[in-house]
Amino acid sequence: MIGFLTYKFRVELPGQIANVLPEIFAFIGLVFVFKSFSERRSPFLAWILIVMNHFWIALAIVFNDKVSVSEIIYYLAGVVIAGIIGYIALIQLSKLEKRILINQYLGHVYEHPKFAFFFLVATLGITGFPITSTFIGEDLIFSHIDSQQLFWPFLRHRVL
């Protein structure tokens, strides 16, 4: 909510703060990814953190004046759909298995191939594989990164 409010009232923000907010938002997305990779107890939390990373990146890039809301929506549509599919697959798997801790994860592909397939498709969708709108959305978003923002593509690729 704070990120959305800062975007909504970005005109009233001082120039020094408005110029540094995209880097802060991108850094928050990177922290979400680091936390998801270090999460060992809840696969749900790890999945949500990976999905939320895309929202922070979109928020960071939307501060560029040239970005249209339709491009951000197109990008995030694939993320939301893949996020929901992955979360539902995790819920169904947790109903079938007693514990699905990441720390003791040995895979459930042989026992539950249907859920593994849907989770694979969701994972590909989150990473921007060409079967989702996230793939085209990432190209649209990267086209709005200015030449003085060389740190952003590096940060974005590290986030994925």
Side-chain angles (χ1 to χ4, degrees), residues 1 3-4 6-7 21-40 42-97 100-102 105-160:
M1 284 303 280
F4 179 74
T6 56
Y7 172 69
L21 279 177
E23 284 82 10
I24 291 172
F25 292 151
F27 180 74
I28 291 171
L30 182 66
V31 169
F32 274 34
V33 170
F34 286 158
K35 174 61 180 155
S36 70
F37 285 134
S38 66
E39 178 62 37
R40 292 291 167 223
S42 173
F44 296 101
L45 178 60
W47 184 253
I48 292 297
L49 288 171
I50 291 290
V51 171
M52 290 305 297
N53 155 59
H54 287 277
F55 285 91
W56 284 104
I57 295 300
L59 185 62
I61 292 178
V62 82
F63 269 83
N64 288 340
D65 290 332
K66 300 169 264 179
V67 179
S68 71
V69 175
S70 63
E71 292 172 339
I72 297 295
I73 290 172
Y74 193 77
Y75 165 62
L76 290 178
V79 172
V80 169
I81 291 169
I84 291 171
I85 291 171
Y87 198 79
I88 290 171
L90 284 174
I91 288 173
Q92 295 299 323
L93 182 64
S94 70
K95 288 179 182 177
L96 297 173
E97 295 290 326
I100 55 170
L101 298 176
I102 299 175
Y105 182 74
L106 298 175
H108 297 285
V109 175
Y110 295 113
E111 301 146 348
H112 312 289
K114 181 172 67 171
F115 299 120
F117 172 74
F118 284 114
F119 193 73
L120 173 66
V121 169
T123 304
L124 292 174
I126 288 292
T127 59
F129 197 69
I131 61 173
T132 64
S133 68
T134 309
F135 177 72
I136 297 170
E138 282 181 351
D139 286 340
L140 289 172
I141 284 181
F142 275 142
S143 68
H144 294 291
I145 296 176
D146 294 330
S147 60
Q148 68 264 20
Q149 298 170 328
L150 294 176
F151 183 65
W152 284 22
F154 171 76
L155 190 61
R156 177 68 183 126
H157 283 292
R158 293 295 167 235
V159 169
L160 284 178

Nearest atoms (heavy-atom pairs only) where [X] meets [Y]:
X	Y	value
Ala26	Ala60	N-CB, 3.8 Å
Val79	Ile126	O-CD1, 3.7 Å
Phe44	Ser94	CZ-OG, 3.8 Å
Trp47	Gly83	NE1-O, 2.9 Å
Ser36	Ala46	CB-O, 3.5 Å

Would you give the length of the straight line joining atom [atom1] of [X] to atom [atom2] of [Y], rounded to the nearest 0.5 angstrom?
X	Y	atom1	atom2	answer
Phe25	Phe55	CZ	CZ	14.5 Å
Leu21	Ile28	CG	CD1	9.0 Å
Tyr75	Ile57	OH	CD1	7.0 Å
Leu45	Leu90	CG	CG	11.5 Å
Ile61	Ile72	CD1	CD1	6.5 Å
Phe129	Leu120	CZ	CG	9.0 Å

Step by step, work out the side chain to side chain contact (heavy atoms under 4.5 Å, CB included) result for Ile81 and Ile85. CA-CA 6 Å; Ile81 291 169; Ile85 291 171; 3.9 Å; yes

Any heavy-atom pair between the side chains of Asn53 and Leu49 that's under 4.5 Å?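 Leu49 vs Asn53: side chains apart.
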
Determine the interplanar angle of the Phe32 and Trp56 rings, folded into 0 to 90°, and report it as parallel if under 30°, tilted if 30 to 60°, perpendicular if over 60°.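 Phe32 vs Trp56 ring planes: perpendicular.
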
Decide side chain to side chain contact (heavy atoms under 4.5 Å, CB included) for Tyr87 and Ile48; before the verdict, give the C-alpha distance in whole Å, the side-chain angles of both, and the deciding distance to 0.1 Å. CA-CA 8 Å; Tyr87 198 79; Ile48 292 297; 4.0 Å; yes

